[in-house]
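As structure tokens, the structure follows; a few thoughts come after it.
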Amino acid sequence: MVSRKGLVDRCAHFTHRYFIYLLLGCYIVAAIWPDPGKSIRNVSFGEITFRNEHSKVTFPMIMLSFLLLNAGLGVKTSELRNLLKTPVVVVAGLVANTFIPLVYIFIVSLLLRFYHDADEAQHILIGLALIVAMPIAGSSTAWTQNANGDLTLSLSLVLFSTLLSPLTTPLTFDAVEHMSTGEYAKILDDLETNGTGFLLVFCVLLPSILGIILHGILGAKRVEKLKPLLKLINSLDLLLLNYSNAAVSLPQLIAKPDWDWLILTFIIVLCLCLVAFGAGWLIGYFLRTEPPERVSLIFGLGMNNNGTGLVLASLALSHYPATMLPVIFYTLLQHLVAGIVDAIWCLKEPESS
């Protein structure tokens, strides 16, 4: 008979190993059976005012807060003193994570001028902005650990990109705003000035810091015992968050598929994903980092916290569900590309040892 702890361990291992398939399954369910996902988005726990921003506290925001709290719990307080042991690499990684994707979006914005539907082109640009404006995903540390990368560098990239997000996210929206036109430039201006402050502070920054504090209070041993349960809840939380947001946009796309736009969006997002992962490798190559540091940069620059982007889209862009599609694609593709990088890295590892 399997114990409760053994069952949790097995479920956690299963969801981690087959996460990409479970995520794809969530998208299929969202396209076929969207009503529960829409209902989840409408659950509210009151309203909070922050810097003249009035925002409802929704269930997706609570789910996002837990994701970041869990990420903070994974930061060992004993490692905090080592976070800047490679300051040049950390700074280079953060700068590249912000500006290289913006260069890519600028090139895409020029090419999209030749696309036959200006509105669809703008939807792609806003979706790309939602992707690149977000901090580095906490899941990048798990991929880094699996590939025997430098976990301290990985944690540094996640933590500092999260702490800097109240500054970098509005700046990214401002940059893409100048590449957009009409009402879509106004949308990005609203996101920059009054659409992100509450979400970034109360659902990203504070939960991350609280998680780090809780790790210090509970101690490494207790957190380690809770790790399988936290991993399982985290995976289920992320899957449910993606399902609830996909439930808004995917049914419309399935009902009236615009194949040229869908294919174009997929290709553009795939290229962004490859550029982001490739940027991590290039930074590591030019800085002549060791293999463990290089793999940390690859996963760090390639993986974004798209849960934040989806929640922000659900709050501020509910009338533009098509803007969520690039974020949905990237969420799927970043784990797929990460799996390929991990497999390639594991093949190369014996040769380097």
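Please read all numbers here as calculations on a predicted model, not as lab measurements. One-based numbering along the sequence shown.
Under a hydrophobic clustering in which Ile, Leu, Val, Met, Phe, Trp and Tyr are joined whenever their side-chain heavy atoms come within less than 4.5 Å, directly or via other members, Leu171 and Val91 fall into different clusters. Under the 4.5 Å side-chain contact rule for hydrophobic residues, Ile263 and Tyr330 do not share a cluster.
With contacts defined as side-chain heavy-atom distances shorter than 4.5 Å, the pair Leu130/Asn306 does not qualify. Counting heavy atoms from C-beta on, the side chains of Val90 and Leu94 come closer than 4.5 Å. Looking at heavy atoms from C-beta onward, Met63 lies in side-chain contact with Ile40 at the 4.5 angstrom threshold. By the 4.5 Å heavy-atom criterion applied to side chains, Ile233 and Leu229 are counted as neighbours. Contact check for Ile124 versus Ile268: side-chain heavy atoms found under the 4.5 Å cut-off. Contact annotation: the side chain of Pro101 approaches that of Leu272 to within less than 4.5 Å [non-hydrogen atoms, C-beta and beyond]. A 4.5 Å side-chain heavy-atom check between Val132 and Tyr104 finds every atom pair outside the cut-off. Two residues are said to be in side-chain contact when any heavy atoms from C-beta on lie closer than 4.5 Å; Leu67 and Leu238 meet this criterion.
Not a single side-chain hydrogen bond (donor to acceptor under 3.5 Å, both in side chains) links Asp117 to another residue, sequence neighbours left out. Residues meeting the salt bridge (Lys or Arg N to Asp or Glu O under 4.0 Å) test with Glu224, sequence neighbours left out: Lys227.
Residue pairs that meet the side chain to side chain donor-acceptor pair (under 3.5 Å) test with at least one member in residues 160-175, sequence neighbours left out, do not exist here. The stretch residues 230-243 participates, sequence neighbours left out, in these side chain to side chain donor-acceptor pair (under 3.5 Å) pairs: Tyr27-Asn242, Asn70-Asn234.
Side-chain atoms of Tyr320 and Gln122 form no donor-acceptor pair, as typed in the model, at a separation below 3.5 Å.
When hydrophobic side chains of Ile, Leu, Val, Met, Phe, Trp and Tyr are connected at separations under 4.5 Å, Val103 ends up clustered with Ile107, Leu111.
When every heavy atom of Pro251 is checked against every heavy atom of Ala246, the shortest pair comes out as CD-O, 3.6 Å. Summarising the geometry of Ala30 relative to Ala247, their closest heavy-atom pair is CB-N, 3.7 Å, with the distance given to 0.1 Å.
Counting non-hydrogen atoms of other residues, nucleotides and ligands closer than 6.0 Å to CZ of Phe266 gives a total of 12 or fewer.
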Tell me which donor-acceptor pairs under 3.5 Å the side chains of residues 332-339 have, and how far apart each pair is, sequence neighbours excluded?
unit_1: Gln334; atom_1: OE1; unit_2: Asn304; atom_2: N; d: 2.9
unit_1: Gln334; atom_1: NE2; unit_2: Asn304; atom_2: O; d: 3.3

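Under a 3.5 Å cut-off, the side chain of Ser296 and the backbone N or O of Asp150 do form a donor-acceptor pair.
Summarising the geometry, atom CG belonging to Leu205 is positioned 11.5 Å from atom CG belonging to Leu210; distances are rounded to the nearest 0.5 Å.
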Self-check item: Chi angles and distances behind the side chain to side chain contact (heavy atoms under 4.5 Å, CB included) call for Phe329, Ile131
Solution: CA-CA 10 Å; Phe329 278 157; Ile131 295 168; over 6 Å; no
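Ring-plane geometry between Trp281 and Tyr285 is classed as parallel, the angle between the planes falling under 30 degrees on a 0 to 90 degree scale with a further cut at 60.
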